[in-house]
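See structure below.
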Amino acid sequence: MLIRAATADDVPSIRTLEQQAESAAHWDEREYDALFAPEAPARIALIAADESDVRQVRGFVIVQCALDDWEIENMVVAREDRRLEIGTKLIRELLRRAKAAGATSVLLEVRESNLAARRLYEKLGFSDYGRRSHYYQQPTEDALLLRTSFAVP
Ligand SMILES: CC(C)(COP(=O)(O)OP(=O)(O)OC[C@H]1O[C@@H](n2cnc3c(N)ncnc32)[C@H](O)[C@@H]1OP(=O)(O)O)[C@@H](O)C(=O)NCCC(=O)NCCS
């Protein structure tokens, strides 16, 4: 599995994966197209793709990059490719890039019931630092706030 930066050509594949994943954040086409607009907030989108065909998208993660805190906004691995460490590889590469860029932490919100995502993040060093009551709709549910911080040298 190859982890690479997304390009505008990946938007249709990203949208297909996102629409198949109930627990993902759901964005409209404009929001995805805006990812690559010059005036957009700084974001990184990483793609997990087949080594033999880099256009075959198996998963993605999208992160908003502020100076200190990077925030994971969305992540999906294709249903048929789950439990193959693709999510792990995406997050490891994201953490590597965040550290290299001088960020001090990476944050995210996750539905309390999303045990797959919670376990993945916990395994990679994230821990709870709060909750937002009734943050999600359909169904209404609390968000857990997770974070991993890097030691400042
Ligand atoms: C969450 C998600 C991205 C995980 O991707 P993945 O590639 O399957 O994850 P990995 O194979 O790297 O799993 C790493 C670890 O996470 C945990 N994990 C992953 N899926 C799990 C599941 N269904 N149940 C319990 N633990 C799970 C396990 O500890 C796993 O390690 P193990 O397989 O050695 O036990 C994937 O399930 C997904 O796309 N879900 C739908 C979208 C979503 O919820 N996105 C997150 C929004 S915050």
**Item:** Pairwise ring-ring contact (aromatic ring centres under 6.0 Å, His included) hits with a residue in residues 90-125, at least two apart
**Value:** Y121-F126
**Request:** Evaluate the ring planes of W27 and Y32, with Trp represented by its six-membered ring, and classify them as parallel (under 30°), tilted (30 to 60°) or perpendicular (over 60°).
**Result:** tilted
**Item:** Residue pairs passing the side-chain hydrogen bond (donor to acceptor under 3.5 Å, both in side chains) test where at least one lies in residues 84-98, sequence neighbours excluded
**Value:** E93-R96, E93-R97
**Passing option when I72 is tested against V110, I62, I91, L107 for side chain to side chain contact (heavy atoms under 4.5 Å, CB included)** = I91
If you group Ile, Leu, Val, Met, Phe, Trp and Tyr by side-chain heavy-atom gaps below 4.5 Å, do [X] and [Y] land in one group?
X   : Y    : value
I47 : M75  : no
V77 : L95  : yes
V76 : L120 : no

Tell me if a side-chain donor or acceptor on [X] pairs with a main-chain N or O of [Y] at a distance below 3.5 Å.
X    : Y    : result
N74  : A25  : yes
T140 : H134 : no
R58  : D81  : no

**All salt bridge (charged side-chain N to carboxylate O under 4.0 Å, His left out) counterparts of R111, not counting sequence neighbours** = E141
**Message:** With a sphere of 6.0 Å drawn around CG of L67, does it hold more than 12 non-hydrogen atoms of other residues, nucleotides or ligands?
**Reply:** no
**Asked** Does CD in E22 sit with more than 12 non-hydrogen atoms of other residues, nucleotides or ligands closer than 6.0 Å?
**Response** no
Rounded to the nearest 0.5 Å, what's the gap from [atom1] on [X] to [atom2] on [Y]? Could you check?
X    : Y    : atom1 : atom2 : answer
T148 : E122 : OG1   : CD    : 12.0 Å
S127 : R118 : OG    : CZ    : 12.0 Å
M1   : I86  : CE    : CD1   : 4.0 Å
R132 : E109 : CZ    : CD    : 4.5 Å
L46  : L94  : CG    : CG    : 6.5 Å
R147 : L108 : CZ    : CG    : 11.0 Å

**Complete:** Apart from Y136 itself, members of its ILVMFWY cluster (side-chain separation under 4.5 Å) are Y135
**Fill in**
Sorted by chain and number, sequence neighbours left out, side chain to side chain contact (heavy atoms under 4.5 Å, CB included) with D28 holds for R30, E31
Considering only distance and modelled atom types, tabulate donor-acceptor pairs under 3.5 Å from the side chains of residues 7-14, sequence neighbours left out.
| from | atom 1 | to | atom 2 | distance (Å) |
| --- | --- | --- | --- | --- |
| T7 | OG1 | D9 | N | 3.3 |
| D10 | OD1 | R4 | NH2 | 2.9 |
| D10 | OD2 | R4 | NH1 | 2.8 |
| D10 | OD2 | T7 | N | 2.8 |

